[in-house]
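Any value given below was found using the heavy atoms of this structure, including those in side chains, with hydrogens, waters and symmetry copies removed. In what follows, chains are A, B, ... by sequence order, proteins preceding strands, each numbered from 1.
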Amino acid sequence: MSSLSGTHHPNEATLPPVDVTGQQDFHLFERARTGDRGAFGQIVVRYQDRIYNSLLRLVGDPEEARELTQEAFTRALVKIDSFRGEAGPYTWLFRIAVNLAISQLRKVQRHRVFSLERPSSNGQAATDDQASSLLDRVKRNEESPDVIAERHEQHQQVLSALGRLDAEYRAVLIMRDVEGFDYQQMADVLGLPLGTLKSRLFRARIALRDELRPYLSGVKKK
Amino acid sequence: MSQDPNKFDPKETTEAKLCAYVDGDLDAAGRAEIEKYLETNPQHRKLMEELKQTRALMRALPRASAPPEIGEMLQGQLERSLLLNELDAEPAGDSMRISRAAQFRAVAAVILLALGLGVVVYFVLPSSNQRVTVVTAPPTDHEFATNTTQILPETEEASRAIAGVPSATPAPPPVATPSPALTTASVAVASADPFARREMDRSKVAGKMSGKFAPLEKKADGFANASKIDPFRARVQQTLANATVGQSPANYTCVVVSTTDPAAARQRVNTFLVDNKIQWQPVAEPMPQPIQFGASQVAMTSKLNQTQVHLKQSNQFNGQYPVGTNVGVVSNGAPQSPGTQVLTNTLPTTTPAAAGQSYGIQPTSGPVEHESLAVDKNAPVQQQPVQQAEQQQMQQAIALPTTEDGDVGQVVGRLDLHGIAQAGDQSEQYIVARNMTHEQTIELKDLLTREGGPASIEIFNTSTDDQPLATTQTLTFGDEAKLGALNDLRAGVGAAAPATQIAKDLDKTEALAAPTSNPTTNSSTAAAFVPATQLLAMQQKLRAATAPVDSFGGQFKLQPTTKPTQDVVIVLRNDAGNAQVQGQVQVPAATSAPAQVSAPRETAAPTAPPVPANAPPAAPATTGPATTQAAP
């Protein structure tokens, strides 16, 4: 089993160590298949953040992402007997989640304006992002407000451009650049040949570039 | 955006290589090949740089963590399912198994309970289907003048014997004179009750032994003992004891049995009498005198007070039933008591006193068992609208009134089809013209659709067992597109649009209303959608912002057929589910044979169609709803 986090990922440090967790995941899935609900609970705890983050980037709405995450885990529990270990546990889980999200996006057929601001009950935004980890907060404290505001705008622009893409393009970009999947994992999830997958990813990048071109040209002028 | 991920692209390999180049996953040879290409094509190098930049931007996106409630919710679900599964998976041990002995005991208890209930019902509870009434004809010597009519409850004792008791009430004289051989008889009602049968058998044996009907006191049975207690029974026994065989015919005992099943009761009584070799003479109960009562009076129409009727006064009703009025009572199917006294003053309906009058009898309070309706033929009654509508609905629900020649040449039916709540539902209304000759025509007049069309009219004959006698005429009016435009136009007019706009819209209407197909009619085809001759009227209606937006009319003549007459059905169908259509159907008089036309009936939920001002109301039923029932 290859790396779950892919290569050249700046956030790779935040992801679980794949080689270790890969074996643990298989073990947990085997226990869950035999009816060990505690093992499945551990799977949920282990992957809920990643699933939720991917779904949030796919659908753009925190509430919808939360519901899809719950639905994905529920379906995984129902279908856990169908897990044969041919793909990685997380790949199998992610396939359920991304299929749910794509189906949802196809149903709604909408382009979303993504926001970094995550609504919370107390009105504070994005307090539980992984970007708000202690290290990030320390880094943020070292940065000037201008830099923070600029990064915030950049994220907004990227998320907005992502929300304007088709669901399939959005999925491959998130799998590759957010989740750090390698090509084979992406092909397993989407059921595509490798060449087709790479071609789709290339076109998705071009589409994202087209959406971001005004922002990129403005950044260059600055 | 012009993305189509699933479209096959011959450049897929190149794109795959470029993708790998951007991601840095390309091997050295491939990377060198692309670098070489990019040196000669700097615009593509710029593209690669931008793609790498977007990739970096994507990877710089912050990561969001899942809300804590996801894990909590899933954990709760898992715990619940775990508990449920554990409960489901718990093996059924011996403690949960129902023993066979307990099952047998339960079955035995149920059987015993059922048997006990059966015994109680069979031997203890009185039967509910028989009531016994004892009335007598007046004896000539008024020997028992103090006795009155008695109703015995049907208990086992009452079933044992019923004896004739003279009545003090003024009863009519007997219709038939008893023969000299007819004597006073003791009568017992045969009953399903075995106890009563046993008592009757005892009487039979006693009669055989004595050769005549001895006083019951001489019989050593329970009834004789019971008679010491009940003075009425003692009187009955005394009556029977004093009855003398072969005396005056006037000295007889009349027994009237009141029962819900007269035939069965009669058979039982006859059987008993035959078995006991008793001679008897059936006597019909005399009819009471005609009742004279006025409007708003409540009449108790049953001796058992089971039915009340209330007279409703019509405009020509003077407060009393005139002589010759035909009043019928329609039963709702419930069995009537043989004592029911029905208003049966029957004379021919052609009596002048009956013509043009309308009376209704309707149930009032109390244990009413009957619905009543009585209407007279061709009664131009000025009723309240609600009553009129109700009466029309009742007439339609009861029978299709068929009129004779008088309707030919007049408006014979009115089509009224109103909107249905749910789109897509269809409702139909039809008029049947019977026995039409091919020289007759059916004319549809003033058909107007209101908003929501389309609706259609079908005209076809019902003689499907022969060659097609007439081509089915299907006329659809209220075309969706045109109707929609017209409705829009009407809305614009109704919203007080400027005059110029109205004129423009009217021109638009004219264009819309231009005949598109089959614009004219002949004697056997239909008119086109919105005939030009009606355009002006339609425009005027549009100017007035009134509801009708589409109209239709036509005349249909049947083709010569192999049969002298045929039945024609005109069906108005609401195709869209919310059309409102009104119109009239007219059958001009034929030169040879008249047609019989039935009034319209709706298959959908009945509404109360307004009666056209220029048309008489539909001919009411003269035979269907009003039936007369004589007293037994």
Reported [atom1]-to-[atom2] distance for the pair [X] and [Y], which is rounded to 0.5 angstrom:
{"X": "A/R176", "Y": "B/R59", "atom1": "CZ", "atom2": "CZ", "answer": "6.0 Å"}
{"X": "A/R209", "Y": "B/E49", "atom1": "CZ", "atom2": "CD", "answer": "12.0 Å"}
{"X": "A/Q156", "Y": "B/L61", "atom1": "CD", "atom2": "CG", "answer": "10.5 Å"}
{"X": "A/I206", "Y": "B/L47", "atom1": "CD1", "atom2": "CG", "answer": "5.0 Å"}
{"X": "B/D25", "Y": "A/K198", "atom1": "CG", "atom2": "NZ", "answer": "7.5 Å"}
{"X": "B/Q53", "Y": "A/R205", "atom1": "CD", "atom2": "CZ", "answer": "13.0 Å"}

Apply side chain to side chain contact (heavy atoms under 4.5 Å, CB included) to residues B/T54 and A/E211 and explain how you reach the verdict. CA-CA 10 Å; B/T54 58; A/E211 293 293 333; over 6 Å; no
Side-chain heavy atoms of B/L51 within contact of A/F202, under 4.5 Å: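 Heavy-atom side-chain distance check passes, below 4.5 Å.
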Does any non-hydrogen side-chain atom of A/L201 lie less than 4.5 Å from one of B/D23?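 The answer is yes, as the side chains (C-beta and beyond) meet within the 4.5 Å cut-off.
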How far apart are the closest heavy atoms of [X] and [Y], and which atoms are they?
{"X": "B/A20", "Y": "A/Y183", "result": "CA-OH, 3.7 Å"}
{"X": "B/P62", "Y": "A/N53", "result": "O-OD1, 3.9 Å"}
{"X": "B/A16", "Y": "A/G195", "result": "CB-O, 3.9 Å"}

Measure [X] against the heavy atoms of chain B and call it side chain, backbone, both or neither at under 4.5 Å.
{"X": "A/V45", "value": "neither"}
{"X": "A/L212", "value": "side chain"}
{"X": "A/L197", "value": "neither"}
{"X": "A/Q154", "value": "side chain"}

Please walk me through it: do A/V178 and B/R63 pass side chain to side chain contact (heavy atoms under 4.5 Å, CB included)? CA-CA 8 Å; A/V178 176; B/R63 302 186 64 84; 3.8 Å; yes
Which is it for A/L162 and B/M58 under the side chain to side chain contact (heavy atoms under 4.5 Å, CB included) test, yes or no, and what are the steps along the way? CA-CA 9 Å; A/L162 190 64; B/M58 279 290 294; 4.0 Å; yes
Is the backbone of B/A66 close enough, under 3.5 Å, to the side chain of A/D49 for a donor and an acceptor to pair up by distance?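 Yes; at least one donor-acceptor contact below 3.5 Å.
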